[in-house]
Amino acid sequence: MPEMSQPRDLFLAELQDVYYVEQTLVKTLPKLAKEATDDDLTKAFDGHLAETKGHVDNLQAVFKSIGETARAKQCPGIDGIKAEHDEFMKEEDPTPEICDLFLTGAAARTESYEIAAYTGLVTMAKALGEKEAAGLLEQNLSQEKEAQKKVDTIARRLSKASTQEVARV
């Protein structure tokens, strides 16, 4: 691996990282939509899949705008979130209500990760004078923030409903 000595090197590495994240989510979101039993949560996963495909397209345009070939670099962060999901679903055998609550938590962790990545990338793109790249990355960041709000709303509703159910028992 070549030495990372310039800010552009870090920008490219972070870009490759988030490109891997988005590609991973394109494959994972349909599975999450099938696991969810709450209609709003299923719709949120399905809707975010279309956005995520757009994020991949935007990232490809960012690579092109900076004169680089789009290439993903494995991201231990998203792999860890995915492994945590897979382990929980296999070992805990959750009820549908618990599954939905867990999925909203996993989605929130993922959105937080993406928001942090895009925030850093936008800052670096601007510092490097990459205006086109910054604009495309800001689009993805904005959509990730909206997705986070949707997940939070669903999580609050599901949490409230589950605690009310427990109180009745």
Side-chain angles (χ1 to χ4, degrees), residues 1-2 4 7-36 38 40-89 99-100 102-155:
M1 178 180 199
M4 190 175 294
R8 189 177 193 289
D9 299 336
L10 177 60
F11 177 69
L12 184 58
E14 294 290 321
L15 194 58
Q16 292 169 340
D17 182 85
V18 80
Y19 189 51
Y20 177 89
V21 170
E22 298 292 11
Q23 289 178 323
T24 299
L25 291 173
V26 166
K27 297 173 194 165
T28 304
L29 284 166
K31 178 181 179 181
L32 300 180
K34 287 180 185 173
E35 290 173 347
D38 181 79
D40 290 340
L41 185 55
T42 300
K43 288 176 189 172
F45 285 136
D46 287 337
H48 198 53
L49 175 59
E51 286 179 346
T52 302
K53 288 177 180 179
H55 297 168
V56 170
D57 292 342
N58 279 358
L59 290 170
Q60 290 170 345
V62 169
F63 280 107
K64 186 175 181 180
S65 77
I66 64 169
E68 296 285 343
T69 301
R71 198 178 95 226
K73 179 183 83 176
Q74 188 167 2
C75 171
I78 197 66
D79 287 344
I81 292 170
K82 187 176 177 303
E84 180 182 41
H85 162 272
D86 294 347
E87 183 179 318
F88 179 85
M89 296 303 284
C99 178
D100 287 343
F102 176 78
L103 290 174
T104 60
R109 285 186 289 282
T110 302
E111 293 306 328
S112 293
Y113 190 90
E114 290 177 288
I115 288 167
Y118 280 117
T119 299
L121 282 166
V122 167
T123 300
M124 285 189 276
K126 288 178 178 178
L128 292 168
E130 298 289 353
K131 291 180 182 179
E132 182 181 350
L136 291 163
L137 293 165
E138 284 176 329
Q139 287 176 22
N140 286 11
L141 176 59
S142 177
Q143 289 182 343
E144 297 298 1
K145 287 179 178 179
E146 285 302 312
Q148 180 77 58
K149 288 178 188 176
K150 288 178 188 174
V151 167
D152 290 346
T153 299
I154 294 168

Write down the atom of [X], the atom of [Y], and the distance for their closest heavy-atom approach.
X	Y	result
I115	L141	O-CD1, 3.7 Å
E84	F102	O-CZ, 4.1 Å
V122	A134	CG2-O, 4.2 Å
M4	D9	CG-CB, 3.4 Å
I66	A133	CG2-CB, 4.3 Å

- request: With sequence neighbours left out, write down each residue that passes ring pair (Phe, Tyr, Trp, His ring centres under 6.0 Å) with Y19, or none if nothing qualifies.
  value: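 Partners of Y19 by the ring pair (Phe, Tyr, Trp, His ring centres under 6.0 Å) criterion, ordered by chain and then number, come out as F63.
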About how many Å separate [atom2] of [Y] and [atom1] of [X], when rounded to the nearest 0.5 Å?
X	Y	atom1	atom2	value
L59	Q16	CG	CD	11.5 Å
Q139	Y118	CD	OH	11.0 Å
L15	E130	CG	CD	10.5 Å
I78	T110	CD1	OG1	4.0 Å
K150	T104	NZ	OG1	15.5 Å
L137	S65	CG	OG	8.0 Å

task: Quick one: do D86 and K82 satisfy salt bridge (Lys or Arg N to Asp or Glu O under 4.0 Å)? Show the steps, please.
output: CA-CA 6 Å; D86 294 347; K82 187 176 177 303; 3.3 Å; yes
Is it the case that the side chain of [X] and the backbone of [Y] share a donor-acceptor pair, with hydrogens and angles ignored and the cut-off at 3.5 Å?
X	Y	answer
T28	L25	no
D38	D100	no
Q148	S112	yes
S142	E138	no

Side-chain heavy-atom pair [X], [Y] within 4.5 angstrom cut-off:
X	Y	value
M89	K31	no
N58	E22	no
L12	K73	no
H48	E111	yes
T42	L32	no
Q60	D57	yes
L103	H85	yes

- prompt: Are K64 and E132 close enough, and set up right, to give a salt bridge (Lys or Arg N to Asp or Glu O under 4.0 Å), and what steps lead you there?
  reply: CA-CA 10 Å; K64 186 175 181 180; E132 182 181 350; over 6 Å; no
query: Going through the distances and angles, do Q23 and H55 end up as a side chain to side chain donor-acceptor pair (under 3.5 Å)?
result: CA-CA 9 Å; Q23 289 178 323; H55 297 168; over 6 Å; no
